[in-house]
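All residue numbers refer to positions in the sequence shown, counting from 1.
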Amino acid sequence: MIETPTSSLEHALNPAQREAVEHVHGPLLVLAGAGSGKTRVLTARIAALIDRHGVPPERIFAVTFTNKAAGEMKQRIGRLLERDPSGLWIGTFHSLSARLLRREAELLGFGRQFTIYDEDDRLSLIKRLMDQRGHSTKLFPPRAVQSLISGAKNRMAPPAELAVGVSQFDRLAQVAADVYAAMGPALKAANAMDFDDLLLHPLALFREHPDRLRAYQARFNFILVDEFQDTNRAQYELIRLLGAHGNVCAVGDDDQSIYGWRGADVRNMQDFLKDFSGARLVRLEENYRSTQVVLDAANGVIAENTGRIGKTLTTRRSGGEAVTLVAAADERDEAEWVVRELERRSAAGDWSYAEMAVLYRTNAQSRALEEGFRRAGVPYRLIGAISFYERREVKDLLAYLRLIANPADDEAFLRAVAVPRRGLGDTSLATLGRTAAQWSKPLLDTARASDGIAELRPNLREAFRAFAGLIDGLAQRARHLPTADVLEQLIRAIDYEALLHAEGPEGADRWENVRELLASAANWSEVVTDESEGTPLERFLAEAALLSSGDTVVGREDGVTLMTLHTAKGLEWPVVVLTGLENGLFPLARAEEQPDGLEEERRLCYVGLTRAKDKLYLTWARARRRGGELRPGIPSRFLRALPPAILDERRTTALWAPGWTGGQAVGRAGGQQPGRRSGASLTVRPSDRPTEELSQDAPRYVKGERVRHRRFGGGTIQGLTGTGRDLKVSVAFDDVEVGVKQLLVAYAGLEREWESA
């Protein structure tokens, strides 16, 4: 046997992984459990196709779900091959589609230098179209209209279908359908595409030009798709068309499908087995990440979902620390307990802060956690904050660059012409817009010819001409200058530094972001073998537009990681804390109202649990401020699926602090728990503590909470008065003959009656 760089691969793979890598021709579905080495399988499979089977890299189309993952996979493939896999098409659906469309845009009526609209650009366009068509943006929120349109595009539904079957009273859907119908021509006139279009336009290309479909089918002999469970219908259809030859390898986990809210369809995995006849199914069930205790928790939760293809994760890491389940008083108490516990484990030398992560269901939960870390002086980093490319000053300059690259981009014109103001107000811009519509020209062309607009005063015509001249001059230089040089000349031309510094300290911070953008442009480089994919400026803008908020980091690299569960997908840490495990928050209250909603929430919980390698903490709060009010908390239904034998159940001391009346804890809030129980039920009773402690630390209750009295039965707390040993509760008991009673908590013997989830 001839030795090749990848000859030793089979020795590093387990039998199931080896089966997936060695399968060459024909469809293959790899059901890859969390931590089962799917990235190793994908990279090894691509390397083996190139190295062992002589497949040229440019014949392979490999899809990942983040740009970062694509870059890392390409590097790993290069290491396996001991050479750069030059020509390999690897990236996200959006980036690969944009690359394809740069070559074929003219067949669809676009120029190759088309602009990619981000969410803000699309929202601005929708507002403009709503104004033009007489739809009130107050009665019909543009963001709601945008959401309906995006959902329809993800389903591959045309504008007419959006309003089909809609009640005459559902005006929002009717407005969305009307705006949706107008968006296509408006985007084409601006030579622009939004994110959804990047997926739909290749399908339109293949439908209208079957010869181009055949050409790409012949070009890409092998198709590989990562995170297949998160594909939407348009993405699935693209893979089905390109992979009509059958050499398609889909890798995913139906238990980790968590993006249904943005169009992902977990049914694509079942459909793959139907649409690709004779597909081989390989299950990767050996987990290399977590202890058996962590997997027992994850397997217990996900087993309650129905309709799974089915698998059970196993590991060689037997045992492990118990799962710590913590009941806290409120979100601040929860945050302080988490911070102190992580601080304690770090001080003990168990793990460093960089090896810890705190995950939560909603972005709003990060506030209390951030405050807790700041107060304690514990370093942390927040992932998924406002994207660098979403900041005002960065978007200002990118608007200029977009207009330089694409003179038909009216949204970029409207943003750029307002920075600086130039004396051009809403009235003059409206006049320019009406004239542009009459002349059937983009705004920049109209500004260039503004001498012909009699309604404008001479000084306004001069301002428009000067702006157009600035853009034209920069566009000329952009043909032969690096992007960073063009950007630097632009900043000097509009004196942007002085403009920002005039805003005071905040402006100085914004200027630092501009400097960072300059550095980014200067450091940006790529290897391009096909000039048809656009100029360096166009490619730089495309990359900036495709960056997600999840790519951003705020804080210290050596700190505890804070992020949402959705953002945590694909990552891992030795220590993971899942916070906010209460019904109504996780799972979200609206989940039960949506098809597959509760099952997707359970899959999200499974994703969170399987991020942990060594230690898992779960926390929930008896009360939490949500929507501006303090609400009682009920343990998440997901907690009931945890095997009792693996639990170490604790409570914070704040649950017993004196003077707590609805969230303001007095005393040892966030301190170490007074005791622990293993495998205990999810209730905490005053009788769990010694009598002498009860005299100092009265249990804490909230209005609306359910309690049980040994004589009067169940009831609901209607009010609280007093503090400490004098704390009284007003309870409306279910028994109408008992009615409402005032009870002294220290002697009432009340127990909390947690509603069944």
Note, [X] side chain near [Y] side chain (heavy atom, < 4.5 Å):
{"X": "R422", "Y": "I494", "answer": "yes"}
{"X": "Q489", "Y": "L481", "answer": "yes"}
{"X": "F206", "Y": "E237", "answer": "no"}

Side chain of [X], backbone of [Y]: donor and acceptor closer than 3.5 Å?
{"X": "E455", "Y": "T431", "result": "no"}
{"X": "E104", "Y": "L100", "result": "no"}
{"X": "S147", "Y": "R143", "result": "no"}
{"X": "Q476", "Y": "G473", "result": "no"}
{"X": "S97", "Y": "H94", "result": "no"}
{"X": "R465", "Y": "R448", "result": "no"}
{"X": "T64", "Y": "T66", "result": "yes"}
{"X": "Y400", "Y": "A416", "result": "yes"}
{"X": "E371", "Y": "A368", "result": "no"}
{"X": "R102", "Y": "R112", "result": "yes"}

Taking all non-hydrogen atoms of both residues, which atom of [X] and which atom of [Y] are closest, and how far apart?
{"X": "F93", "Y": "L199", "result": "CB-CD2, 3.8 Å"}
{"X": "E488", "Y": "L518", "result": "N-CD2, 3.9 Å"}
{"X": "I116", "Y": "A98", "result": "CD1-CB, 4.3 Å"}

I'd like to know if R477 and D485 make a salt bridge, using a cut-off of under 4.0 Å between side-chain N and carboxylate O.
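So R477 does not pair with D485 through a salt bridge.
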Carboxylate-amine/guanidinium contact E411 R128, below 4.0 Å
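Between R128 and E411 there is a salt bridge, with a charged N closer than 4.0 Å to a carboxylate O.
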Just to verify, which of D409, D396, D121, D120 counts as forming a side chain to side chain donor-acceptor pair (under 3.5 Å) with R415?
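Only one option passes, and that is D396.
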State the CZ-CD1 distance between F464 and I453, to the nearest 0.5 angstrom.
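F464 atom CZ to I453 atom CD1 measures 7.0 Å (nearest 0.5 Å).
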Inter-residue atom distance Y180.OH - L129.CG, 0.5 Å rounding
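The OH atom of Y180 sits 13.5 Å away from the CG atom of L129.
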N/O donor-acceptor pairs under 3.5 Å from side chains in residues 187-198, not counting sequence neighbours:
{"residue": "K188", "atom": "NZ", "partner": "L108", "partner atom": "O", "Å": "3.0"}
{"residue": "N191", "atom": "OD1", "partner": "G111", "partner atom": "N", "Å": "2.9"}
{"residue": "D194", "atom": "OD1", "partner": "K153", "partner atom": "NZ", "Å": "3.4"}
{"residue": "D194", "atom": "OD1", "partner": "D196", "partner atom": "N", "Å": "3.1"}
{"residue": "D194", "atom": "OD1", "partner": "D197", "partner atom": "N", "Å": "2.8"}
{"residue": "D194", "atom": "OD2", "partner": "R122", "partner atom": "NH1", "Å": "3.2"}
{"residue": "D194", "atom": "OD2", "partner": "K153", "partner atom": "NZ", "Å": "2.8"}
{"residue": "D196", "atom": "OD2", "partner": "R122", "partner atom": "NH1", "Å": "2.7"}
{"residue": "D196", "atom": "OD2", "partner": "S150", "partner atom": "OG", "Å": "2.9"}
{"residue": "D197", "atom": "OD1", "partner": "K153", "partner atom": "NZ", "Å": "2.9"}
{"residue": "D197", "atom": "OD2", "partner": "D194", "partner atom": "N", "Å": "3.1"}

Should the ring pair Y259 and H566 be called parallel, tilted or perpendicular, given that the plane angle runs from 0 to 90° and is split at 30 and 60?
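It falls in the tilted class, 30° to 60°.
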Listed by chain and number, what are the side chain to side chain contact (heavy atoms under 4.5 Å, CB included) partners of D265, not counting sequence neighbours?
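Residues passing side chain to side chain contact (heavy atoms under 4.5 Å, CB included) with D265: R233, R267, N268.
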Non-neighbouring partners of K127 that pass salt bridge (Lys or Arg N to Asp or Glu O under 4.0 Å), sequence neighbours left out:
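Counting only residues at least two positions away or on another chain, K127 forms no salt bridge (Lys or Arg N to Asp or Glu O under 4.0 Å).
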